[in-house]
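First up is the structure itself, then whatever we jot down about it.
Atom set for the values below is all heavy atoms of this structure, side chains included, hydrogens, waters and symmetry mates excluded. For this chain, numbers begin at 1 and follow the sequence in order.
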Amino acid sequence: MHTTPGSAARFGGVRLPHRTAGPAGVLLDMDDTLVDFSTASPAALAEVLGPEADFPTWMALTDHWYPRFTSGQLSYQALERNRLAEMLTVLGRPVPDAAGLDELDARRKQAVESRLRLYPDVLPFVRRVRAGGYRIGVLSNSDGRQQRRRIDRLGLRPWLDAITVSGESGVAKPSAESFALACDRLGTPPERTMHIGDSLVNDAVGAHRAGLTAVWLRRNAPAGATAPAGIAVVTSLSAITH
């Protein structure tokens, strides 16, 4: 599916950038794009903080602190500490010092990682893209050590030519700088690079504004939904062809 300025993009097939003018590539978001984070995270939170730990409250706290991380006001560790401290306050529990917060959140993250699984369409997609001669990279807003560990654990490392994580680079999506850096590391110019992610703002809009082919991955979206002009929408990686 090709989109033009001024028209809303609807669900359908999407073609990878042409390789005739030189190297081309695909950048992929990590959580809820490659990895089923939304299934693992609620269960992990309940395991560590108990069933009374309301996941929608946790996500509301994430939404509150996350923009301060992506704008560079907070480190990812500070985001995690602030979010957990506020969650404990909501639950009426004492808030430990920084070391205590880190230990508790490490338990939560370990519980998350034990549950993480790749979506079924991921490995067929990266095999197909690599066989087509495209370069593949990850661009993630998160902690670098955490995401690299997850990449290794899930067996993605052999398929990746570049990994760019905001916690290491200091620039986060949706900034144009983050996409430019990821393209540079991948060795493909923005106009021959596709970015795929589940966040409309951070992934799709950010990539489109940075000059990449932008694909919004909405795995559980209702039929007939649309996206802003210039952004393609798919519900599965299998809809992307070359």
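Residue pairs meeting the salt bridge (charged side-chain N to carboxylate O under 4.0 Å, His left out) criterion with at least one member in residues 155-165, sequence neighbours excluded, are Arg130-Asp161, Asp152-Arg157. Within the structure, the ring-ring contact (aromatic ring centres under 6.0 Å, His included) test picks out the following pairs touching residues 176-208 (sequence neighbours left out): Phe179-His195. Listed by first and then second residue, the ring-ring contact (aromatic ring centres under 6.0 Å, His included) pairs that reach into residues 148-173 come to none, sequence neighbours excluded. Applying the salt bridge (charged side-chain N to carboxylate O under 4.0 Å, His left out) test to residues at least two apart or on different chains, none of the pairs has a partner in residues 187-200.
Put simply, Val165 and Trp65 are part of two different groups of oily side chains (I, L, V, M, F, W, Y) that touch within less than 4.5 Å, one to the next.
In this view, Ser169 satisfies the side chain to side chain donor-acceptor pair (under 3.5 Å) rule with no residue, not counting sequence neighbours. By the side chain to side chain donor-acceptor pair (under 3.5 Å) test, Ser236 is found to be paired with Asp121, Ser238, residues two or more places apart in sequence or in another chain being considered. Residues that satisfy the ring pair (Phe, Tyr, Trp, His ring centres under 6.0 Å) test with Tyr76, not counting sequence neighbours, are Phe69. Residues forming a salt bridge (charged side-chain N to carboxylate O under 4.0 Å, His left out) with Arg108 (at least two apart in sequence, or on another chain): Asp105. With sequence neighbours left out, the salt bridge (charged side-chain N to carboxylate O under 4.0 Å, His left out) criterion links Arg107 to no other residue.
Counting heavy atoms from C-beta outward, Leu28 and Met194 have side chains that stay 4.5 Å or more apart. Side-chain contact between Asp203 and Ile196 is absent, with no heavy atoms from C-beta onward closer than 4.5 Å. Contact check for Arg150 versus Asp31: side-chain heavy atoms found under the 4.5 Å cut-off. A 4.5 Å side-chain heavy-atom check between His242 and Arg19 finds every atom pair outside the cut-off.
The distance from atom CG of Leu186 to atom OG1 of Thr164, rounded to the nearest 0.5 Å, is 8.0 Å. One distance of note links OG1 of Thr193 with CZ of Arg135; it measures 9.5 Å at 0.5 Å rounding.
Listed by chain and number, the hydrophobic cluster partners of Leu84 are Leu45, Val48, Leu49, Phe55, Trp58, Met59, Leu61, Met87, Leu88, Leu91, Val95, Leu101, Leu104, where partners are ILVMFWY side chains within reach of under 4.5 Å, directly or through others. Hydrophobic cluster membership of Val90, counting Ile, Leu, Val, Met, Phe, Trp and Tyr whose side-chain heavy atoms lie under 4.5 Å apart directly or via other members: none, as it forms a cluster of its own.
At least one donor-acceptor pair closer than 3.5 Å links the side chain of Ser114 to the backbone N or O of Ala111. A side-chain donor-acceptor contact under 3.5 Å links Ser71 to the backbone of Pro67.
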Donor-acceptor contacts under 3.5 Å from residues 137-144 side chains, at least two apart:
from   : atom 1 : to     : atom 2 : distance (Å)
Ser140 : OG     : Gln147 : NE2    : 3.0
Asn141 : OD1    : Lys173 : N      : 2.9
Asn141 : ND2    : Lys173 : O      : 2.9
Ser142 : OG     : Gln146 : NE2    : 3.0
Asp143 : OD2    : Arg145 : N      : 3.4
Asp143 : OD2    : Gln146 : N      : 2.9

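The number of heavy-atom neighbours closer than 6.0 Å to CD of Gln110, taken from other residues, nucleotides and ligands shown, is 12 or below.
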